[in-house]
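Everything numeric here is computed off the predicted structure, so don't read it as measured data.
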Amino acid sequence: MSFDIDVGHASERGPSSSNEDFAAVCRPVAADEPLGWIAALADGVSTGGAGLLAAQTTVMTLVHDYFGTPATWDTTVALDRLIEAQNAWLADHNRRRAWERDAGTALTTLTAVVLRGHSFTLAHVGDTRAWLLRDGECTQLTQDHVLPDMRLAGQLTRAIGLEEHVRVDYLQRELQAGDCLVLTSDGVHRPLSRQRLAAIARQASDAQAASAALVREALAAGGDDNATALVLRVRGLAAGRYEDVLGQARTLPVPPRLNVGAPLDGFTITALVADTGVHRLYQARDASGALVAIKTLHESRASDDEERAMLAHEAWLGARLTERLAPGDAAGFVRVHELHEPSAFYVVYDWHAGRTLQQRLQDKPRAPISEVVAAAIACAHALGRLHRAGVVHRDIKPANLHGGDDGQWRILDLGVALSGREPKVQRTLHAGTPSYMNPEQWDDEPAAPDAAGDLYALGVTLYQWLTGKLPYGEIEPYQRARFRRDPARPSRHAPDVPIWLDHLVCKAVARDAKQRFETAEELVIALERGASRPLAAPPATPLALRDPHSLMKIALGVSLLLNALLIYWLLFLPR
């Protein structure tokens, strides 16, 4: 479900010789709907027309580049990085032109709003304003950054391009159907009172009529500057964000144990697939008869707020990773269904017939090398998409790689993934399966989970698929891992593994993190090139790195030997 918004925009130069205001609204294409709508208004400040350059480039850069940010980023993070980059560019532009006669300094104010899910985020610098009209009330959402009692443009205390770094005010609030957001330049809100502005915006038949009336009334009331108004009337909300999903998770009941044939909001349970004591996974059919998977919390965990938050994060993250995809596009993940007014807290996924890699390995027969390489490329591609979205999986292993009957490989289980939005308990959880965790995780001060850990785990999985063995052997839970040797080449266990793949896998699981692949894309390129451009064999890991205390042990051994020889010489040899 996408937003239903009525948009209106009007701008007049008024008595000024030119119009240095600039505004824009950008509606997302279908693939970018998770990022919501963005609107921005800027009021250029300068002489010689440079203010229009500042206002126009700031607004256009913001509304266009916003849709290039990951859907998993918080809106304030995305806006802050874009605004800071634009401010740095504009400040540098002003410094380089400072020596030119009559060049003019290009500055601008900025008020931008992003409507996303069931909330909106406001970013503000300068003296443009944002207003919220709701339930008969008009609320000013921004504070002017000007010196007290000063109304000249030169008296701004903050502006884009004024200094090397800019401080931006941010505000996040709940969004409701029926809300009206109004952005105005000072040429509109200076001559009009709050009450008059609200009355004009409410009385107009649509958003365009409201914006035109605001500008017209402001100029008629004696406005002496450029006048611009941007009106957004929200008639319908979009799909929920993480905060919305988390709200449902905290308030809705957990379904009881469901038997085959039991109904659940239009779904009919067809089988219990798994019960871990924390979660239950069911197969079900929707109203159209299509198979889906339903994941719920075990009723014994119904009162555990942390487990509820972790499942809500998994649902939100899965939806964000797959909702930009065209129908039928696998993209390496299982699609999550958006639920509307559910009666209980649960998550619905697409159902894919097939087997996990762990199930395939238990069947013993080894797959052809070409099939293994193709699957590894698909999984590495999916992992790259995950990392580009700023997400770390933390539990890559054969049980979480699924080969569907449709020929597609998918990464399963985002339950312990880190996105920056996960609950605190999930960040502090020492997650992962020991045998697939990189050596840095077992140091006295473990490294923070990152993309490198996922790549190492994928390398261990590939080694196991080719050989049936783990590169460093089985590591039991809570055991302090010891990486005292380099792993044997896969071809030692499986002679049909080609030399180029030998080198690639050894690089992926190297004891020294500096020898491994840095990104999933680098791994994909190496797999695709294969024997045409083979990698060099990774060098042996130095003993001092494999066992930091080895030099001390050797020195102690030599010292003991020398002392023993000295004692023998003193006691038994003639002098």
Side-chain angles (χ1 to χ4, degrees), residues 357-358 360-377 379-380 383 395-401 432-443 447 452-477 479-518 520 522-527 529-531 533-551 553-554:
L357 178 54
Q358 179 173 309
R360 295 186 181 213
L361 292 175
Q362 289 171 348
D363 292 341
K364 299 300 182 185
R366 293 183 60 241
I369 297 296
S370 59
E371 181 181 326
V372 174
V373 171
I377 291 173
C379 294
L383 207 54
D395 199 17
I396 297 295
K397 58 183 179 181
N400 287 335
L401 300 182
T433 303
S435 296
Y436 300 87
M437 294 168 63
N438 57 9
E440 302 88 84
Q441 295 297 311
W442 300 100
D443 292 340
D454 288 345
L455 292 176
Y456 173 85
L458 184 59
V460 173
T461 301
L462 182 55
Y463 188 104
Q464 185 179 7
W465 198 352
L466 291 169
T467 66
K469 301 180 182 297
L470 293 164
Y472 297 97
E474 189 76 34
I475 300 173
E476 298 297 331
Q479 174 187 356
R480 185 179 176 86
R482 301 289 185 180
F483 297 87
R484 298 292 176 79
R485 57 171 180 80
D486 288 329
R489 298 189 306 274
S491 58
R492 292 280 298 274
H493 305 291
D496 60 333
V497 175
I499 293 177
W500 71 267
L501 191 54
D502 241 6
H503 294 173
L504 183 148
V505 175
C506 287
K507 178 179 177 66
V509 299
R511 170 66 180 82
D512 185 356
K514 296 178 181 178
Q515 295 181 14
R516 297 184 214 134
F517 293 101
E518 294 185 4
E522 184 186 0
L523 175 57
V524 168
I525 291 172
L527 285 165
R529 287 175 174 173
R533 292 185 63 179
L535 300 173
T541 306
L543 177 62
L545 182 59
R546 287 186 279 119
D547 184 2
H549 303 296
S550 58
L551 295 179
K553 294 176 181 177
I554 292 172

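Distance check: Leu462 CG to Cys379 SG gives 9.5 Å after rounding to the nearest 0.5 Å. Taking CZ of Arg516 as the start and CG of Leu455 as the end, the distance is 9.5 Å to the nearest 0.5 Å. From Asp486, atom CG reaches atom CG of Asp512 across 9.5 Å, with rounding to the nearest 0.5 Å. The structure places CG of Leu535 at 13.0 Å from CD1 of Ile499, a figure rounded to the nearest 0.5 Å. Atom CG of Leu458 and atom CG of Leu401 lie 7.0 Å apart (nearest 0.5 Å). The NZ atom of Lys469 sits 12.0 Å away from the CD atom of Glu474 when rounded to the nearest 0.5 Å.
At least one donor-acceptor pair under 3.5 Å links the side chain of Asp502 to the backbone N or O of Ser491. Looking at Tyr472, its side chain does come within 3.5 Å of a backbone N or O of Val509 through a donor-acceptor pair. No donor-acceptor pair closer than 3.5 Å links the side chain of His493 to the backbone N or O of Thr467.
In this structure, Pro471 and Pro487 approach most closely via the heavy-atom pair O-CB, 3.4 Å. Here the shortest heavy-atom pairing between Ser435 and Gly473 reads OG-O, 4.3 Å. Nearest approach of Ala508 to Gly459, heavy atoms of both residues: CB-CA, 3.8 Å. A pairwise comparison of heavy atoms in Ala520 and Ala380 identifies CB-O, 3.5 Å as the closest pair. Val372 and Leu466 get closest at one heavy-atom pair: CG1-CD2, 3.8 Å. Taking each heavy atom of Leu527 and Val373 in turn, the nearest pair found is O-CG1, 4.1 Å.
The ring-ring contact (aromatic ring centres under 6.0 Å, His included) test applied to Trp465 returns Trp409, not counting sequence neighbours. Take Thr433 and apply the side chain to side chain contact (heavy atoms under 4.5 Å, CB included) test, not counting sequence neighbours, and it matches Asp395, Lys397, Tyr436. For Pro368, the side chain to side chain contact (heavy atoms under 4.5 Å, CB included) partners at least two apart in sequence or on another chain are Ser370, Glu371. Arg489 meets the side-chain hydrogen bond (donor to acceptor under 3.5 Å, both in side chains) test with no other residue; sequence neighbours excluded. In this view, Pro534 and Trp500 satisfy the side chain to side chain contact (heavy atoms under 4.5 Å, CB included) rule, not counting sequence neighbours. A search for side chain to side chain contact (heavy atoms under 4.5 Å, CB included) contacts involving Gln358 returns Thr356, Gln362, Pro398, Ala399, not counting sequence neighbours.
Between Pro498 and Ile369, some side-chain heavy-atom pair lies under the 4.5 Å cut-off.
In this structure, Lys507 forms a cation-pi arrangement with Phe517, its terminal cationic atom sitting closer than 6.0 Å to the ring centre and no more than 45° off the ring axis.
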